[in-house]
*Asks:* 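Structure in structure tokens, see below.
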Amino acid sequence: MTSTVTAEPLTTAAYYPYGDVLDLDALMAMPTRTAPTFTANTSAPLVIKANQGTAIRVVHIAELLNLRPDLRAANIAINPDDKGNSAPQPHTTTTPTTVTTPAQPNLSFFRCAPRSARPFPAELLERHPYSTQVFIPVYRAADRLVADGADRVLAGTVNRQCAYRYLVVVALNGKDDRPDVSTLRAFVAHRWQGVSYRPGVWHHPMIVLEQETDFITLIWENGAAGEDCQVEHLAAPVLIRILESGEQQPMRPKL
Ligand SMILES: NC(=O)N[C@@H](O)C(=O)O
């Protein structure tokens with residue numbers, strides 16, 4: 001039975017179970033820390049001076065995990081009963097099988113064509129069981145200033161509207177090691193926002209809503225089929241409604 005989900009604005013808090021939001025303005029709007037040393041994994045963004053005082057640097061803005069064990073343990077079967085050898089696996093309930101070869105960080109470009117279907121039918125989800133995946137939109141020389149509700153230069157400021165939105169569709173892993181559709185949520189992201197998917201979090205392949213958009217991505221991969229990326233077709237499509245500007249956001253049931 002086809003279900004419908006209404007996409008919601010991408011915020012750090014709402015998206016936290018699925019990944020991190022890379023949005024500098026949102027980070028700077030939070031209570032920040034200026035601790036003199038690097039301390040990761042706390043909620044307040046750590047802001048330090050850089051470039052001889054001419055820049056600020058906000059560090060550890062996303063969790064970056066490669067959960068594959070190193071080569072020494074590459075041929076063990078990873079499962080919860082294998083005490084001591086299994087790599088720590090926060091944020092993922094997947095139980096991956098034997099790892100074959102070590103993975104390398106892969107920094108890539110994605111050039112994504114817009115998807116016009118409205119509502120958008122999510123028919124499959126994918127996951128990267130061992131690695132975080134990060135998507136950061138990038139401006140391009142070819143980007144056009146698009147009229148009517150887009151990135152327009154108005155009186156010297158940029159009216160950040162919606163010419164380069166993208167849709168992030170995510171779900172947590174179920175007890176059957178398949179997507180738990182009851183946790184499926186959709187978020188509308190703007191091009192000043194990047195996102196990460198935590199290892200094992202199910203997500204739809206990138207959906208760009210308006211204009212062809214480039215992204216820089218980072219993931220740890222080893223090219224082994226079934227390790228880098230696993231795909232699951234949903235029993236029934238989930239229709240993702242994208243509110244037109246000005247439509248009222250429906251209240252969300254608590255997960
Ligand atoms: N995540 C995403 O959009 N796509 C990639 O993971 C891919 O391998 O296609």
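No hydrogens, no waters, no symmetry mates; every other heavy atom, side chains included, goes into these values. Start at 1 and go down the list; that is how both ligands and their atoms are numbered. Residue numbers count from 1 along this sequence. This one's a predicted model, so the numbers in the text were calculated from it and none came from an experiment.
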*Asks:* Would you say N173 and W202 are linked by a side-chain donor-acceptor pair, where the criterion is simply a distance under 3.5 Å?
*Replies:*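 Side chains of W202 and N173: pair found under 3.5 Å.
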*Asks:* Verify the ring-centre separation between F135 and F110: is it less than 6.0 angstrom?
*Replies:*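 Close enough - the centres of the two rings lie under 6.0 Å apart.
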*Asks:* Tell me yes or no: between the side chains of E227 and N222, is some donor less than 3.5 Å from an acceptor?
*Replies:*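 E227 vs N222: donor-acceptor pair found between side chains.
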*Asks:* At a 4.0 Å threshold, what atoms of ligand 1 neighbour a non-hydrogen atom of M206?
*Replies:*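 Counting from 1, the qualifying ligand atoms are 2 (C), 3 (O).
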*Asks:* Under a 4.0 angstrom heavy-atom cut-off, which atoms of ligand 1 come close to H128?
*Replies:*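 This gives 6 (O) as the contact atoms.
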*Asks:* Can you list the ligand 1 atoms lying under 4.0 Å from a non-hydrogen atom of Q133?
*Replies:*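 So the atoms of ligand 1 that pass are 1 (N), 5 (C), 6 (O).
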*Asks:* Just checking, R198 and Y16: is the charged tip under 6.0 Å from the six-membered ring centre and within 45° of the axis?
*Replies:*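 Yes, cation above the ring, under 6.0 Å and within 45°.
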*Asks:* Which of the atoms of ligand 1 are close to P205, meaning less than 4.0 Å from one of its heavy atoms?
*Replies:*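 Heavy-atom distances to P205 below 4.0 Å select 2 (C), 3 (O).
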*Asks:* Atom 5 (C) of ligand 1: which protein heavy atom is closest, and how many Å away?
*Replies:*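 Here the nearest protein heavy atom works out to E126 OE2, 3.2 Å.
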*Asks:* Show your working on side-chain hydrogen bond (donor to acceptor under 3.5 Å, both in side chains) between H203 and E126 and close with a plain yes or no.
*Replies:* CA-CA 5 Å; H203 54 279; E126 66 178 39; 3.1 Å; yes
*Asks:* Which ligand 1 atoms, with their elements, are less than 4.0 angstrom from a heavy-atom of H203?
*Replies:*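 Those atoms are 1 (N).
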